[in-house]
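Here's the structure, in structure tokens; my notes come after.
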Amino acid sequence: MRLAEKALFTTSPNPRVGCVIVQDNEIVGRGFHEKAGESHAEVIALKEAGSQSEGSDVYVTLEPCSHKGKTPPCVDALIKAKVKKVFIAMQDPNPIVSGQGIQKLKDAHIEVELGVMEAQAQSLNMGFISRMTKQLPYVRAKLAVSLDGKTALYNGKSQWITGDAARADVQYWRASSCAIITGIGTVVHDNPKLSVRLYEHARQPLRVVVDSELNIPLEADILHEKPLLIAYANDKQKKLPQLKALGVECIQLDDSGKVDLTSLLKELAKREVNEVWIEAGEGLNGAFLKANLIDELMIYYAPVILGSEAKGMFTLPAYENLENKITTTLLDHRWVGQDLRMRFKLK
């Protein structure tokens, strides 16, 4: 698992995979898949183990691949090395692989044990699993809020509610995401770049701006960040030619004058986006939540109070019955500096 985590910021769109080879109760080979197109974890571990691979036990966080993609099948390499047994944390959710690698190992008379630390392995690749099974990325929405649940002052100012440690923690989650989505309101009020700054070798995620009427200021900093995608519904401001001249990709996803958020996520999945990180205001957060498109909430509570006129977390309809409430499950809570970070899974 720790080996797989080394590729947290680099391996997308491929899954994060680690492999360890053991001979006579000693580790003789280690490997992890760092980048798409490069050697997979099993191949790297087998190379390190060399002749000691024969008769060894292999531990791998994901079912070895059985098809030829950018690299040859890992299953063939394991069979050729004459390993004795393969412990697999989880089956590959990719339909062109799922179960086939396991069966091929068994056909070669190699023992297989499946499901060792399965939940931990799944948590490493929630985005990959979601894209393979639902054709949608795994979506996390981040909110920095006061104790009274406010995300910004009445005038939109929100920098900074939380402290340095919380903002550094956000960098980690940005770096592990394939795309960051924000709304036009956040662009206008905060002028963010939404870049990864604290991790030298991390790739820059795709920035996505939801801007229904293309109101984005042409001097906005985010227009100079690449890769960038603007999702819009209509070009009321007639800015499309100017944006294209700046090299900005714009995609029209119209749903009655608003951006069709479901279509946006499906489009991102087609672009092999595994994990999405939302940093937006109450309007876009509410729209995603209302459409049941958020998998996880990441809320940083700061020890401050902003008052009743400040902006809330979500714009949602007024519920008249408690039966309409949105329920969550607490996944994790911890202090990040002076702020409390809480992770919730949406039911």
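Note that the structure is a prediction, hence the values are computed from the model and not measured. Hydrogens, waters and symmetry mates are skipped; everything else that's a heavy atom, side chains included, is used.
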Val58-Ile102 co-clustered via ILVMFWY side chain contacts under 4.5 Å: yes
Gap between atom OG1 of Thr61 and atom NE2 of His33 - 0.5 Å precision: 11.0 Å
Under 3.5 Å side-chain donor-acceptor pair for Ser177 and Glu275: no
Heavy-atom neighbours of His224 NE2 exceed 12 at 6.0 Å: yes
Contact summary for Ala231 and Leu264, nearest pair of heavy atoms: CB-CD1, 4.1 Å
ILVMFWY cluster, Phe344 and Phe314 together (side-chain gap under 4.5 Å): yes
Smallest separation among heavy atoms of Cys19 and Ala45, with atom names: SG-CB, 3.8 Å
Polar side-chain atom of Thr162 near backbone of Ala144 as donor-acceptor pair, under 3.5 Å: no
For Val20 against Val22, the heavy-atom pair lying closest together: CG1-CG2, 4.1 Å
Ion pair check, Glu42 and Lys80, cut-off under 4.0 Å: no
Salt bridge Lys106-Glu111, side-chain N to carboxylate O under 4.0 Å: no
Smallest separation among heavy atoms of Glu213 and Gln237, with atom names: O-CG, 3.3 Å
Within-4.5 Å side-chain heavy-atom neighbours: Ile299 and Tyr301: yes
Note, Arg140 side chain near Trp173 side chain (heavy atom, < 4.5 Å): yes
Same cluster (ILVMFWY, side-chain, under 4.5 Å), Leu228 and Ile184: yes
Basic-acidic side-chain contact under 4.0 Å: Lys134, Asp295: yes
CA sep, side-chain torsions, deciding dist, call: Arg16, Glu5, salt bridge (charged side-chain N to carboxylate O under 4.0 Å, His left out): CA-CA 7 Å; Arg16 298 143 183 161; Glu5 286 175 349; over 6 Å; no
Check: Asp254 side chain, Gly257 main-chain N or O, donor-acceptor pair, under 3.5 Å: yes
Distance-only side-chain donor-acceptor flag, Tyr138 / Glu296, under 3.5 Å: yes
Heavy-atom donor-acceptor pair, Glu282 side chain to Gly312 backbone, under 3.5 Å: yes
Test log, rule side-chain contact (heavy atoms from CB on, under 4.5 Å), inputs Asn324 and Leu322: CA-CA 5 Å; Asn324 300 126; Leu322 282 174; over 6 Å; no
Point-to-point distance, once rounded to the nearest 0.5 Å, from CG of Leu78 to OG of Ser56: 8.5 Å
Salt-bridge contact Asp169-Arg167 (side-chain N to carboxylate O under 4.0 Å): no
Lys/Arg N to Asp/Glu carboxylate O, Glu48 vs Arg30, below 4.0 Å: yes
Gln103 versus Asp107, side-chain donor and acceptor atoms under 3.5 Å: yes
Sub-4.5 Å side-chain heavy-atom contact between Val17 and His40: no
Straight-line distance of Asn274 CG to Asn14 CG, nearest 0.5 Å: 8.5 Å
Cluster overlap Val145 with Ile294, hydrophobic side-chain contacts below 4.5 Å: yes
Expected output: side-chain Glu118 to main-chain Met90 donor-acceptor under 3.5 Å: no
Flag, side chain of Gln171 to backbone of Arg197, donor-acceptor distance under 3.5 Å: yes
Backbone N/O of Thr186 and side chain of Thr182: donor-acceptor pair under 3.5 Å: no
Residues Glu279, Trp277; criterion side-chain hydrogen bond (donor to acceptor under 3.5 Å, both in side chains); working and verdict: CA-CA 7 Å; Glu279 289 193 35; Trp277 178 256; 2.8 Å; yes
Plane angle bin for Tyr172 and Phe9 - parallel if under 30°, tilted between 30 and 60°, otherwise perpendicular: perpendicular
Sidechain-backbone polar pair: Arg207 side chain, Pro205 backbone, donor-acceptor under 3.5 Å: yes
Atom pair NZ/CG of Lys266 and Leu293 - distance to nearest 0.5 Å: 9.5 Å
Basic-acidic side-chain contact under 4.0 Å: Glu113, Lys85: yes
Lys6/Glu34 under salt bridge (charged side-chain N to carboxylate O under 4.0 Å, His left out): CA gap, chis, key distance, verdict: CA-CA 8 Å; Lys6 288 187 175 184; Glu34 185 172 2; over 6 Å; no
Separation between CD1 of Ile181 and CG of Leu284, rounded to the nearest 0.5 Å: 7.5 Å
Lys345 atom NZ, neighbour heavy-atom count above 12 within 6.0 Å: yes
Lys35 atom NZ: more than 12 heavy-atom contacts under 6.0 Å: no
Criterion side-chain contact (heavy atoms from CB on, under 4.5 Å) on Lys236 and Leu214, from CA distance to verdict: CA-CA 7 Å; Lys236 282 194 174 180; Leu214 287 182; over 6 Å; no
Test log, rule side-chain contact (heavy atoms from CB on, under 4.5 Å), inputs Val83 and Glu54: CA-CA 5 Å; Val83 304; Glu54 185 172 348; over 6 Å; no
Donor-acceptor pair, side chain of Asp211 and main chain of Asn215, under 3.5 angstrom: yes
Any donor-acceptor pair under 3.5 Å from Asn285 side chain to Ala280 backbone: yes
Sidechain N-carboxylate O distance under 4.0 Å for Lys238, Asp235: no
Closest heavy-atom pair and its distance - Phe32, Ala4: CB-N, 4.3 Å
Gln338 atom CD, over 12 foreign heavy atoms within 6.0 Å: no
Single-linkage hydrophobic cluster, 4.5 Å side-chain cutoff, Val86 and Ile21 together: yes
Ser146 to Ile305 - nearest heavy-atom pair and separation: CB-CA, 4.2 Å
Spacing of Leu346 atom CG and Phe288 atom CZ [to the nearest 0.5 Å]: 12.5 Å
Asn321 atom CG: more than 12 heavy-atom contacts under 6.0 Å: yes
Any donor-acceptor N/O pair, Asp148 side chain to Gly307 backbone, under 3.5 Å: yes
